[in-house]
Asks: 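Following this message is one structure expressed as structure tokens.
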Amino acid sequence: MTQTAASAIRCALLGAGRIGVGHAEALAQIDQVALTVADADPQRAQQVAQSLEPASGITVAHTTPQEVFSRAEDYDAVVIATPTATHEELVLACARAGLPFFCEKPLASDLAGTQRCIEAVERAGIASQVGFQRRFDPAYTEARRRVQAGELGQVHRVHMLTCDQSPPPESFVAMSGGIWRDCLIHDIDALRWVTGREVEEVMAFGQVRGADYFRAHGDIDEGVALLRLDDGTLVTAQTSRNNGQGYDVRMEISGTLGNATVGLEPKVPLVSVEPGADFPGPEPWVDFIARFADCYGRELAAFIDVVAGRGTSRCEARDAMEALRVAIALGVSREQGRPVRVADIQP
Ligand SMILES: NC(=O)c1ccc[n+]([C@@H]2O[C@H](COP(=O)([O-])OP(=O)(O)OC[C@H]3O[C@@H](n4cnc5c(N)ncnc54)[C@H](O)[C@@H]3O)[C@@H](O)[C@H]2O)c1
């Protein structure tokens with residue numbers, strides 16, 4: 001149904017890069033959204049705005065990020081998909097303007113910045129949502145339901161991993177905050193969400209096995225970790241930037257009565273050498289955009305529902321803090337070669 005501009009949710013998207021262009025497409029598919037695209041590069045904003053065919057029938061506008069905040073009364077919501085280093089200032093600007101926002105993970109680059117964002121959001125009383133899209137994935141959601149319903153019995157072990165097929169460019173690595181904060185943070189958030197437990201202690205190891213630029217930025221391209229949850233559940237984690245077979249995201253939860261595994265489907269990038277095995281299929285996932293395309297759409301539709309007063313946020317600003325503390329603990333553990341208690345990681 002074609003909306004009128006007056007009845008639509010007026011949403012500004014900030015940042016139309018790698019992830020932002022997908023968010024623009026997803027927002028344009030929501031029929032009650034009137035979208036404006038803003039990018040630091042005005043040509044990019046215009047190009048993306050003009051490429052969209054909105055379900056609302058309302059032409060997609062384009063503007064500069066500065067104009068969004070100087071004309072805040074023209075908007076009902078903001079979606080932030082800019083580089084990580086800009087998130088804090090944009091979240092604080094939303095709080096000052098009283099605009100509910102969705103922000104790509106992480107909310108801020110460090111713990112102090114994350115704390116400032118949380119306090120500003122709570123002072124302003126605005127709705128917030130952080131881009132942990134796995135909370136909108138059907139398999140993670142079903143794993144959570146089974147765990148919470150007791151169908152696995154007492155959970156004793158979790159194995160989880162996120163492995164990219166090929167490394168991101170050096171320019172991204174320089175700004176990313178490192179593999180734990182950029183990549184494994186999604187598994188950490190999913191672990192908290194699925195099990196309902198908090199991480200108490202971690203031990204991490206890492207190596208650079210591929211491009212030298214990871215070392216130059218104090219990062220690694222292979223990481224493994226052990227985590228202990230507050231009920232004694234033991235967790236193993238892996239993350240990589242060099243998984244030649246494809247983009248691999250899995251979570252295996254094992255308890256006294258059974259198991260729930262996320263990611264065990266035909267596109268999982270594993271090769272069985274069992275005689276006669278015809279699983280998995282021949283076309284593995286290649287990247288997060290393909291693997292989580294539906295989830296990005298669902299998380300933004302849920303955010304628009306929150307803005308429209310039809311629901312509450314499934315991943316609030318405060319959730320970003322807990323996942324970041326664990327990711328930082330992993331980095332400290334790897335650098336110092338010792339176990340780290342998450343309670344010792346404070347803003
Ligand atoms: N949830 C996920 O699965 C996922 C995946 C990829 C990236 N991300 C996150 O999304 C964010 C963006 O990553 P990306 O890979 O799309 O980056 P990118 O560099 O491809 O795109 C960023 C865009 O923002 C624009 N920009 C820069 N500063 C701006 C500002 N102040 N206002 C408006 N626009 C601005 C740039 O011109 C660029 O077009 C990062 O924080 C990253 O962690 C999340």
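All residue numbers in this chain count up from 1 along the given sequence. Atoms within a ligand are numbered from 1 in the order they appear, just like the ligands themselves.
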Asks: So which heavy atom in the protein is nearest atom 42 (C) of ligand 1, and how far is it from that ligand atom?
Replies: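 The closest heavy atom on the protein side is K105 O, 3.8 Å.
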
Asks: Check the side chains of R291 and T162 for a donor-acceptor pair under 3.5 angstrom, ignoring hydrogens and angles.
Replies: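 No, because no side-chain N or O of T162 sits under 3.5 Å from a partner of the opposite role on R291.
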
Asks: Could a heavy atom of F292 be found less than 4.0 Å from some atom of ligand 1?
Replies: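 Judged by the 4.0 Å heavy-atom criterion, F292 does not count as contacting ligand 1.
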
Asks: Just wondering, do R325 and L111 contact through their side chains at under 4.5 Å, heavy atoms?
Replies: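 Answer yes - side chains close enough.
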
Asks: Can you tell me the protein heavy atom closest to atom 22 (C) of ligand 1 and the distance?
Replies: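 Protein heavy atom with the smallest distance to atom 22 (C) of ligand 1: P83 CD, 3.7 Å.
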
Asks: With heavy atoms of G15 as the reference, note each atom of ligand 1 found under 4.0 Å away.
Replies: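 Ligand 1 atoms under the 4.0 Å threshold to G15: 24 (O), 33 (C), 34 (N).
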
Asks: Return yes if a side-chain donor-acceptor contact under 3.5 Å exists between E265 and W285, otherwise no.
Replies: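 The criterion, which ignores hydrogens and geometry beyond distance, is satisfied for W285 and E265.
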
Asks: If you measure only the distance, is there a donor-acceptor pair under 3.5 Å linking the side chains of Q47 and H62?
Replies: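 No donor-acceptor contact under 3.5 Å links the two side chains.
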
Asks: Is a salt bridge present between E222 and R241, judged by a nitrogen-to-oxygen distance below 4.0 Å?
Replies: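 No salt bridge links E222 with R241.
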
Asks: Under 3.5 Å, side chain of D164 to main-chain N/O of S166, donor-acceptor pair present?
Replies: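 No; judged by distance alone, with no hydrogens or angles, the pair does not exist.
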
Asks: Would E104 count as being in polar contact with ligand 1, using the rule that some N or O on each side must be under 3.5 angstrom apart?
Replies: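 Yes, since at least one N or O of E104 sits under 3.5 Å from an N or O of ligand 1.
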
Asks: Around atom 36 (C) of ligand 1, find the nearest protein heavy atom and jot down its residue, atom name and distance.
Replies: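 Result for atom 36 (C) of ligand 1: D39 OD1, 3.4 Å.
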
Asks: Does the structure place the NZ or CZ of R135 under 6.0 Å from the centre of the six-membered ring of Y140, at an angle of no more than 45° from the ring's axis?
Replies: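 Cation-pi check for R135 and Y140: fails.
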
Asks: For ligand 1, is there an N or O atom under 3.5 Å from any N or O atom of Q133?
Replies: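 So ligand 1 has an N or O lying under 3.5 Å from an N or O of Q133.
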
Asks: Hey, which atoms in ligand 1 end up nearer than 4.0 Å to a heavy atom of G131?
Replies: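 Under 4.0 Å from G131, ligand 1 has these atoms: 1 (N).
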
Asks: With a cutoff of 4.0 Å, is E89 in contact with ligand 1, counting heavy atoms of the residue only?
Replies: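 Judged by the 4.0 Å heavy-atom criterion, E89 does not count as contacting ligand 1.
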
Asks: Please report whether the ring centroid of H186 lies less than 6.0 Å from that of F288.
Replies: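 No - the distance between ring centres of F288 and H186 does not fall below the 6.0 Å cut-off.
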
Asks: Hey, are R192 and E322 close enough for a salt bridge, meaning a charged N less than 4.0 Å from a carboxylate O?
Replies: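 No, no charged N to carboxylate O under 4.0 Å.
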
Asks: Specify the protein heavy atom at minimum distance from atom 34 (N) of ligand 1: its residue, its atom name, and the distance to 0.1 Å.
Replies: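 Of every protein heavy atom, A40 N, 3.1 Å lies nearest to atom 34 (N) of ligand 1.
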
Asks: What protein heavy atom lies closest to atom 21 (O) of ligand 1? Include the residue and the distance to one decimal.
Replies: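 Residue, atom and distance for the closest contact: G17 CA, 3.2 Å.
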
Asks: Should you measure from each heavy atom of H186, which atoms of ligand 1 turn up under 4.0 Å away?
Replies: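 Every atom of ligand 1 under 4.0 Å from some heavy atom of H186: 1 (N), 2 (C), 3 (O).
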
Asks: Could you name the option among F132, Y296, F288 that has the heavy atom nearest to atom 3 (O) of ligand 1?
Replies: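 Minimum heavy-atom distance to atom 3 (O) of ligand 1 goes to Y296.
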
Asks: Touching ligand 1 at all, M175? Heavy atoms, strictly under 4.0 Å?
Replies: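 Flag not set, M175 not near ligand 1.
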
Asks: Closer than 4.0 Å to some heavy atom of H87 - which atoms of ligand 1 meet that?
Replies: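 Contacts of ligand 1 toward H87, numbered from 1: 41 (O).
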
Asks: Where is the nearest protein heavy atom to atom 32 (N) of ligand 1: which residue, which atom, and how far?
Replies: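 Checked against all protein heavy atoms, atom 32 (N) of ligand 1 sits closest to P65 CG, 3.2 Å.
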
Asks: Any nitrogen or oxygen of I19, main chain or side chain, under 3.5 Å from a nitrogen or oxygen of ligand 1?
Replies: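 Yes.
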
Asks: Who's the nearest protein heavy-atom neighbour of atom 14 (P) of ligand 1, and how far?
Replies: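 For atom 14 (P) of ligand 1, the nearest protein heavy atom is R18 CB, 3.9 Å.
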
Asks: Could you see which bit of S176 sits under 4.0 Å from ligand 1, with heavy atoms only: side chain, backbone, both or neither?
Replies: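 Looking at S176 and ligand 1, no heavy atom falls under 4.0 Å.
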
Asks: State whether E151 and R145 are salt-bridged, where the test is any N-O pair (Lys NZ or Arg NE/NH1/NH2 against Asp/Glu carboxylate O) under 4.0 Å.
Replies: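 Looking at R145 together with E151, the answer is yes, because their closest N to O distance falls below 4.0 Å.
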
Asks: When you measure from the side chain of N243 to the backbone of Q245, do you find a donor-acceptor pair of N or O atoms at a distance under 3.5 Å?
Replies: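 No.
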
Asks: Side chains of E316 and S128: is there a donor and an acceptor less than 3.5 Å apart?
Replies: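 Their side chains do not contain a donor-acceptor pair, so the 3.5 Å distance test is not met.
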
Asks: Note the single closest protein heavy atom to atom 11 (C) of ligand 1, along with its residue, its atom name and the distance in Å.
Replies: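 Protein heavy atom at minimum distance: T82 O, 3.2 Å.
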
